[in-house]
J.: 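Pasting in a structure now, in structure tokens, and then I'll have a few things to ask.
One-based numbering, in listed order, for ligands and for the atoms of each. Computation of the quantities below employed the complete heavy-atom set of this structure, encompassing side-chain atoms and omitting hydrogens, waters and symmetry-equivalent molecules.
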Amino acid sequence: MTSSTSLVQIEDIKKDYTLGETIVHALRGISFEIMEGEFLAILGQSGSGKTTLLNMLSALDVPTSGRVVVAGTDISNMSRDERTHFRRTSVGLVFQFYNLFPTLTALENVEIGIALDIKDKQELRRRASHYLELVGILDKATNYPSQMSGGEQQRVAIARGLAKQSPILILDEPTGNLDAETSDAIWALLKELNTKTGATIIAVTHQISVSRVADRSIFLRSGKVYGVSESNEEG
Ligand SMILES: Nc1ncnc2c1ncn2[C@@H]1O[C@H](COP(=O)(O)OP(=O)(O)OP(=O)(O)O)[C@@H](O)[C@H]1O
Ligand SMILES: [Mg+2]
């Protein structure tokens, strides 16, 4: 549920990538804020800058200019170590291409995301299993990524992001590889966690239907915001 406290301020961020002789203007001046407890969807065509924007919000990368302030801290101006610490303590991340460790099982892939914070082995196993169960793949706990379907691997990545129980959850196209029914179940689960725990959720998606569970949707085009829509539903 959205509170009236502003959690994230994005101030005129631009991001250029240099590729040989060419400069790609991936973000061309983006500003908006995100409220504490908000469920925000980010939509836009392939190449519009969605992943680039998430990378700035999660401090995986820094903007070329502009600022991103999270809970009063300017994360666009941090050292690499500070950014690593910020990610570890403040955000749960679900990547577009899963980023699972091929030599670890599904369960171990979830455990490794929280192992620094949970020292007790049994508690670690219990927490990881719980989230595998929530995303419906506890029966694959001992499978390696190569022994799972794309959608199952995607759900391991979601479980890993959720298991951290971070105040901010950032997901990049978390249901891109799932069938409609499983996808709906995942969005419902995210909405439920958002409502129950008050976690702020920022999710990139191609599915316009997600706008219905989100409090607000932001539409990107060519590195700029070209539309914002508030959800009509109260809930
Ligand atoms: N590391 C990079 N080096 C050079 N160009 C990049 C790099 N990463 C992204 N780009 C370019 O920046 C633009 C935005 O890319 P981005 O990955 O943010 O798009 P996206 O909206 O996430 O697309 P998709 O829906 O396909 O995942 C694209 O033109 C892309 O080619
Ligand atoms: Mg992307």
J.: Using a strict 4.0 Å cut-off to heavy atoms of His206, name the atoms of ligand 1 that fall inside it.
T.: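 Once the distances to His206 are compared, the set is 25 (O).
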J.: Using atom types as modelled and distance alone, determine if a side-chain donor or acceptor of Asp215 lies under 3.5 Å from a backbone N or O of Ser231.
T.: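 No; judged by distance alone, with no hydrogens or angles, the pair does not exist.
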J.: Quick one: look up the protein heavy atom nearest atom 11 (C) of ligand 1 and list residue, atom name and how far away it is.
T.: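 It is Val24 CG1, 3.8 Å.
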J.: Is there a heavy atom in Ser48 that sits closer than 4.0 Å to ligand 1?
T.: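 Yes, Ser48 has a heavy atom closer than 4.0 Å to ligand 1.
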J.: Does Lys50 reach the main-chain N or O of Gly47 with its side chain, forming a donor-acceptor pair under 3.5 Å?
T.: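 Looks like no, no N/O pair under 3.5 Å.
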J.: Hey, mind stepping through Thr64 and Asp16 against side-chain hydrogen bond (donor to acceptor under 3.5 Å, both in side chains) and telling me if it holds?
T.: CA-CA 6 Å; Thr64 307; Asp16 296 337; 4.6 Å; no
J.: Has the side chain of Ser48 got a donor or acceptor atom that lies under 3.5 Å from a matching backbone atom of Arg221?
T.: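 Side chain of Ser48 to backbone of Arg221, a donor-acceptor pair under 3.5 Å: no, none is there.
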J.: When you measure from the heavy atoms of Gln45 to every atom of ligand 1, does any distance fall below 4.0 Å?
T.: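 Distance cut 4.0 Å: Gln45 passes for ligand 1.
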J.: Nearest to atom 22 (O) of ligand 1 by heavy atom, Thr51, Leu54, Thr18: which?
T.: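 The option holding the nearest heavy atom is Thr51.
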J.: Any donor-acceptor pair under 3.5 Å linking the side chain of Ser166 with the backbone of Gly92?
T.: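 The answer is yes, because a donor-acceptor pair under 3.5 Å joins these two groups.
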J.: Would the distance check show the side chain of Lys164 and the main-chain N or O of Arg88 forming a donor-acceptor pair, the cut-off being under 3.5 Å?
T.: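 Such a contact is found between Lys164 side chain and Arg88 backbone.
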J.: Would you confirm whether Asn109, through its side chain, and Leu104, through its main-chain N or O, come within 3.5 Å as a donor-acceptor pair?
T.: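 Looks like yes, one N/O pair under 3.5 Å.
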J.: Which residue owns the protein heavy atom closest to atom 6 (C) of ligand 1, what's the atom, and how far is it?
T.: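 Sorting protein heavy atoms by distance from atom 6 (C) of ligand 1 puts Tyr17 CD1, 3.2 Å first.
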J.: Give me the nearest non-hydrogen protein atom to atom 26 (O) of ligand 1 as residue plus atom name, then the distance to 0.1 Å.
T.: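 It is Ser46 OG, 2.6 Å.
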J.: Under the criterion side-chain contact (heavy atoms from CB on, under 4.5 Å), which of Ile208, Val225, Val228 is the partner of Phe219?
T.: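 Testing Phe219 for a side-chain contact (heavy atoms from CB on, under 4.5 Å) against Ile208, Val225, Val228 leaves exactly one candidate, Ile208.
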J.: Do any N/O/S atoms of Thr52 come under 2.8 Å of the Mg ion (ligand 2)?
T.: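 No, outside the cut-off.
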J.: Please report which non-hydrogen protein atom sits nearest to atom 27 (O) of ligand 1, along with the residue it belongs to and the distance in Å to one decimal place.
T.: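 That would be Gln96 NE2, 2.8 Å.
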J.: Please identify which atoms of ligand 1 are closer than 4.0 Å to at least one heavy atom of Thr52.
T.: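 The list of qualifying atoms is 14 (C), 15 (O), 16 (P), 18 (O).
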J.: Return yes if some donor-acceptor pair links the side-chain N/O of Gln154 with the main-chain N/O of Asn177 below 3.5 Å, else return no.
T.: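 Checking the backbone N and O of Asn177 against the side chain of Gln154, a donor-acceptor pair under 3.5 Å is found.
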J.: From atom 30 (C) of ligand 1, is the closest protein heavy-atom distance below 4.0 Å?
T.: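 No; the ligand atom in question lacks any protein heavy-atom contact below 4.0 Å.
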J.: Within the distance-only criterion (no hydrogens, no angle test), does the side chain of Thr175 pair as donor or acceptor with the backbone N or O of Leu178 below 3.5 angstrom?
T.: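 No: the side chain of Thr175 does not pair with the backbone of Leu178.
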J.: Evaluating non-hydrogen atoms only, which member of Gly44, Gly47, Gly223 is closest to atom 14 (C) of ligand 1?
T.: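 Checking each option, the heavy atom nearest atom 14 (C) of ligand 1 is found in Gly47.
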J.: Need the ligand 1 atom indices (1-based, order shown) with element for anything under 4.0 Å from a heavy-atom of Ala26.
T.: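 Listed by number with element: 12 (O), 13 (C).
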J.: Confirm or rule out an N/O/S atom of Gln96, from backbone or side chain, lying less than 2.8 Å from the Mg ion (ligand 2).
T.: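 A backbone or side-chain N, O or S atom of Gln96 is under 2.8 Å from the Mg ion (ligand 2).
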J.: Could you identify the single nearest non-hydrogen protein atom to atom 25 (O) of ligand 1 and state the distance to 0.1 Å?
T.: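 Looking at atom 25 (O) of ligand 1, the protein heavy atom closest to it is Lys50 NZ, 2.7 Å.
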J.: Is Leu19 close to ligand 1, meaning an N/O of one under 3.5 Å from an N/O of the other?
T.: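 Looking only at distances, the answer is no, because the N/O contact criterion of under 3.5 Å is not met.
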